[in-house]
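This report refers to the structure that appears directly beneath it.
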Amino acid sequence: MRVDEEYLESVLDVVETVPRGSATTYGDVAEVVGRRLGRGGPRQVGAALRDSGGAVPWWRVVNAQGRPPAHQQTRALGLLRDEGCPLVADGSRVDLRSARVDWGPAVGLAAGEGP
DNA sequence: AAGGTGACTCAGG
DNA sequence: GCCTGAGCCACCT
């Protein structure tokens with residue numbers, strides 16, 4: 001499945017803002033992008049990142065359990081560990097309680113970001 | 001038009 | 001913690 005250009009761009013935009021050493025979830029990205037475009041969901045975010053081909057720090061985007069995508073799991077966890085992102089004790093997943101970026105209720109609606 | 005698919009999520013057992 | 005099933009959205013046969 002592919003996503004259209006506009007959606008892809010928005011997703012990349014948001015993911016690029018995730019600072020080194022933290023992470024976010026597909027659901028959160030979907031919420032912010034959805035706020036701007038009024039469409040999409042977590043699955044669309046996944047599709048967008050898949051299509052983006054590494055143009056953004058995709059490894060900072062994990063699922064609701066703090067687990068990176070199955071295909072790139074080892075790779076992602078390694079990168080996250082290297083950049084100092086908080087992981088759980090066994091390093092198998094991100095500790096979202098401390099690593100998760102908290103996007104305020106208005107992120108994505110700031111002037112110049114919306115349609 | 002109809003059914004399949006997936007880098008998702010949530011509730012249940 | 002792991003597995004299931006239902007819900008989900010947009011694209012692809």
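Computed from a predicted structure; not experimentally measured. Residue numbers start from 1 in every chain, and the chains themselves are labelled A, B, ... in the order their sequence lines are given, proteins ahead of strands.
Only at 4.0 angstrom or more do the heavy atoms of residues 87-96 of chain A sit from any atom of DNA chain B, so none qualifies.
Not counting sequence neighbours, the partners of D28(A) by the side-chain hydrogen bond (donor to acceptor under 3.5 Å, both in side chains) test are R100(A). With sequence neighbours excluded, no residue forms a side-chain hydrogen bond (donor to acceptor under 3.5 Å, both in side chains) with T17(A). In this view, S52(A) satisfies the side-chain hydrogen bond (donor to acceptor under 3.5 Å, both in side chains) rule with no residue, not counting sequence neighbours. Taking D102(A) as the reference, nothing meets the side-chain hydrogen bond (donor to acceptor under 3.5 Å, both in side chains) condition, with sequence neighbours excluded. With sequence neighbours left out, the side-chain contact (heavy atoms from CB on, under 4.5 Å) criterion links Q65(A) to N63(A), R67(A). Under the salt bridge (charged side-chain N to carboxylate O under 4.0 Å, His left out) criterion, D95(A) pairs with no residue, sequence neighbours left out.
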Sub-3.5 Å pairs of nitrogen or oxygen atoms, protein against nucleotides 7-9 of chain B:
{"from": "dA7(B)", "atom 1": "OP2", "to": "H71(A)", "atom 2": "NE2", "distance (Å)": "3.1"}
{"from": "dA7(B)", "atom 1": "O5'", "to": "H71(A)", "atom 2": "NE2", "distance (Å)": "3.4"}
{"from": "dA7(B)", "atom 1": "N3", "to": "Y26(A)", "atom 2": "OH", "distance (Å)": "3.3"}
{"from": "dC8(B)", "atom 1": "N3", "to": "R43(A)", "atom 2": "NH1", "distance (Å)": "3.1"}
{"from": "dC8(B)", "atom 1": "N4", "to": "R43(A)", "atom 2": "NH1", "distance (Å)": "2.5"}
{"from": "dT9(B)", "atom 1": "OP1", "to": "G27(A)", "atom 2": "N", "distance (Å)": "3.3"}
{"from": "dT9(B)", "atom 1": "OP1", "to": "A64(A)", "atom 2": "N", "distance (Å)": "3.4"}
{"from": "dT9(B)", "atom 1": "OP2", "to": "A64(A)", "atom 2": "N", "distance (Å)": "2.9"}

Return a table of donor-acceptor pairs under 3.5 angstrom between the side chains of residues 76-91 of chain A and protein atoms on other chains or two or more places apart.
{"from": "E83(A)", "atom 1": "OE1", "to": "W59(A)", "atom 2": "NE1", "distance (Å)": "3.3"}
{"from": "E83(A)", "atom 1": "OE1", "to": "R60(A)", "atom 2": "NH2", "distance (Å)": "3.3"}
{"from": "E83(A)", "atom 1": "OE2", "to": "R60(A)", "atom 2": "NE", "distance (Å)": "2.7"}
{"from": "E83(A)", "atom 1": "OE2", "to": "R60(A)", "atom 2": "NH2", "distance (Å)": "3.4"}
{"from": "D90(A)", "atom 1": "OD1", "to": "S92(A)", "atom 2": "N", "distance (Å)": "2.9"}
{"from": "D90(A)", "atom 1": "OD1", "to": "S92(A)", "atom 2": "OG", "distance (Å)": "2.7"}
{"from": "D90(A)", "atom 1": "OD2", "to": "S92(A)", "atom 2": "OG", "distance (Å)": "3.3"}

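One atom, CG of L37(A), and another, P of dA10(C), lie 11 Å apart when rounded to the nearest Å.
By the neighbour-count criterion of 12 heavy atoms within 6.0 Å, atom CZ of R39(A) is densely surrounded, having more than that number from other residues, nucleotides or ligands.
With both ends at atom P, the span from dG7(C) to dA7(B) equals 22 Å, rounded to whole Å.
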